[in-house]
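I'd like to ask you about the structure that follows.
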2 protein chains.
Amino acid sequence: MATIRDLARQCGVSVATVSRVFNNPEVVTQETRDNVLRVAARIGYLPNESARTLATKKSYMVGLIWDTDHRRPGWRHPFLQEILIGLKTALSARGYHLLMLATSDEEDGHLRAARRHNLDGVVFIDNGTRDPALIRLAESDVPCISLDRPAAGPRTTYVISDNAGGARLAVNHLHEQGRRAIATITGPGRTRPGAERLTGYRDALAALGLPAREEYVVEGDFYLTGGHSAMRRLLALDERPDAVFAAGDEMAIGAIRAITEAGLKVPEDIAVVGFDDIEPAALLQPGLTTVAQDKAGFGVAAATALISMINAPAAVSPAPSVLPTTLVVRGTTAPRP
Amino acid sequence: MATIRDLARQCGVSVATVSRVFNNPEVVTQETRDNVLRVAARIGYLPNESARTLATKKSYMVGLIWDTDHRRPGWRHPFLQEILIGLKTALSARGYHLLMLATSDEEDGHLRAARRHNLDGVVFIDNGTRDPALIRLAESDVPCISLDRPAAGPRTTYVISDNAGGARLAVNHLHEQGRRAIATITGPGRTRPGAERLTGYRDALAALGLPAREEYVVEGDFYLTGGHSAMRRLLALDERPDAVFAAGDEMAIGAIRAITEAGLKVPEDIAVVGFDDIEPAALLQPGLTTVAQDKAGFGVAAATALISMINAPAAVSPAPSVLPTTLVVRGTTAPRP
DNA sequence: CTGAAAGCGCTTACAG
DNA sequence: CTGAAAGCGCTTACAG
């Protein structure tokens, strides 16, 4: 591997000049610049990023903390994967690489990794909000951005969907279809998206003048099995709902299964709306009507906010980004017969 | 940030000794070792990885090349994601981080990135075999491992499933169910998994003494739409098959849809077997019988092979790993009525 | 516009 | 077992 010294020697200039050709080209004459570039290409010179990082304190690497240890079931993953791809693409476009950090069980493990590797910033994805290691990192001076979950710190912000707005879209749509007994299967109450979607559900009912029946609110877990058992509870009610808003597609699919098992039909007897628009939603028969999150938007918003923090002189946390959601109508909703 | 010099000063030893405490502890006395460690913890000393890499040429980072540009449709992604998680976990366990490389359009882009970042190795996932940039990298002295696709080079190997064996499992299972008119929807012929699964299908038919009818072999594209149209072709045959082996779950799902649309039933009229065991396979109704690939095994095998190459002195490519497949029986196959 | 020199934070023979 | 010194490959004031 040719070093900057080799290149300088072959060009008959100092290493400082070679360095300038790559980092500050406008300061060196056209002639030397061309020459250095030509020789560099010929001998295959490549700057050593470790040496650059050591000298500049800038790694152009962003850490990704994705706790893949607790192997949870379900279809949440495709959602995360799309976000991950969007993030990587957006970061790539601005010259940053993404370093997937090894999981660590020490409380300062993530922060240590960030410092050791001179990471310019860190992204959290699919992590618990209460994880002490994340809090530690978020509260440090390392620029951080959390996806789909709130997080706070001097140089920390987050990107989240308009969960309440999406829930209102779902309820309003069901109402337009003539449904009046609209139940909901919620996410875990402790999660931000779970809580916000429930708020949106309640607000929409109120705005429509529909009664708020507490027996129509059943808590799920964002997974298929939780949706299934929640739906069974709803089916056992004296006054069966004619529509269900499930706060996640997986739960919606579990609910549909419970409905079918009970000998009822979707959407004729009970209409179902989910949340997320994961890929299988379009492939089921009937297709799942759902509230779509802007997955690519997550990546772009996260990259933009993170890089602006990285380039900002001191502690400034941009406001959280709230991404709009859209309703995707498929076969699990239809006008009430 | 405390440096090794700060730490050495506070401990009253040389930086060399501090370095040894972390890299070669058995060579320093218990006493100094304990002292250095204690002070290090107190002042929060963290070794700078860029400096270490510069000095040692070892980064403990493995590059991941995952071409996410060509946004292909479908359910292939969950499969890749599970592999990715397995890989990351296996690498983490051995102290390696995974650097997701920015996509590049230069032919030597990946190789340059590997060299610039002092990557210890590189993993390819979901890339075309004929990509010149990958060939360039595979033929370099950088240890490389390709997942689910063959690749060759002085320090390159790959991990792949026993595709032919899996296909035989599928055909034998259909035969046991009393099916005799067994068709197949293949993957693209140019792909290794596509070609091998077709071979397995043919071999199994021959071993069972069933005739090889060329009209029962229809090429698909690994995606839902390809499976759908391939199935329509099969349904149009004079002698309709009573079973289909689709070389991918997505195609199987497309095939089921086509069968249903034709007014036929799965598995009564036509039994269907897929390949991959992607998550939705278990969630459809009826569940999809399929040949499962060992997704976690990919990650472990890849990490093991890669690290052994990294630690091997010179050019040695371990033999490719071939992972066994297993049949997962669900609702889309049943004895012929 | 360019060069000499110091410095980034480590590791590792080489002596002792 | 430990220290002094050189070296890894860059960047960046500071002079000129």
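Numbered from 1 within each chain, the chains take letters A, B, ... in sequence-line order. Please read these numbers as outputs of a predicted model, since none were measured by experiment.
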Does the side chain of B:F124 reach to within under 4.5 Å of the side chain of B:R149, using non-hydrogen atoms?
no
Over all strands shown, is B:T32 touching base, sugar-phosphate only, or nothing at heavy-atom distances under 4.0 angstrom?
sugar-phosphate
In whole angstroms, how far is the P atom of C:dC8 from the NE2 atom of A:H117?
21 Å
Check whether the side chains of B:N118 and A:S50 place a donor and an acceptor atom closer than 3.5 Å, and report yes or no.
yes
Per-nucleotide protein contact string for nucleotides 10-16 of chain D (B base, S sugar-phosphate only, - none; heavy atom under 4.0 Å):
BBBB---
Using the C1' atom on both, measure D:dT12 against D:dG16 and round to a whole Å.
16 Å
Where does DNA chain D pair, written as one dot-bracket string 5' to 3', with Watson-Crick or G-U pairs under 3.5 Å, ( ) inside the strand, [ ] for crossing pairs and | for another strand?
|||.||||||||.|||
Lys/Arg N to Asp/Glu carboxylate O, A:D141 vs A:R115, below 4.0 Å:
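Judged by the 4.0 Å cut-off on N to carboxylate O distance, A:D141 and A:R115 do form a salt bridge.
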Check whether A:D148 reaches the backbone of A:I160 with its side chain - one donor and one acceptor, N or O, closer than 3.5 Å.
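Absent.
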Taking the side chain as C-beta and beyond, is there a heavy-atom pair between B:I83 and B:I125 under 4.5 Å?
yes
Rounded to whole Å, the CD-P distance (A:E31 to C:dC1) equals 13 Å
A:D6 CG - D:dG9 P separation (whole Å)
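Rounded to whole Å, this separation is 8 Å.
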Just by distance, no angles: are the side chains of B:S92 and B:T89 close enough, under 3.5 Å, to form a donor-acceptor pair?
no
Hydrogens and angles aside, do A:T29 and A:T32 bring a side-chain donor and acceptor to less than 3.5 Å of each other?
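Yes, A:T32 and A:T29 have a side-chain donor paired with an acceptor closer than 3.5 Å.
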What is the distance, rounded to the nearest whole Å, between atom CG of A:L54 and atom P of D:dG7?
17 Å
Rounded to the nearest angstrom, tell me the gap between atom CE in B:M1 and atom C1' in C:dC8.
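For the pair B:M1 CE and C:dC8 C1', the rounded distance is 13 Å.
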Please state how far atom CG in A:N24 lies from atom C1' in C:dC1, giving the value in whole angstrom units.
12 Å
Quick check on salt bridge (charged side-chain N to carboxylate O under 4.0 Å, His left out): which of B:R94, B:K58, B:R155 does B:D120 satisfy it with?
B:K58
Distance, rounded to the nearest Å, where A:N35 contributes CG and C:dC1 contributes P:
17 Å
Will you find, in the side chains of B:Y158 and B:R192, an N or O donor that is under 3.5 Å from an N or O acceptor?
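Side-chain D/A pair, B:Y158 to B:R192: present.
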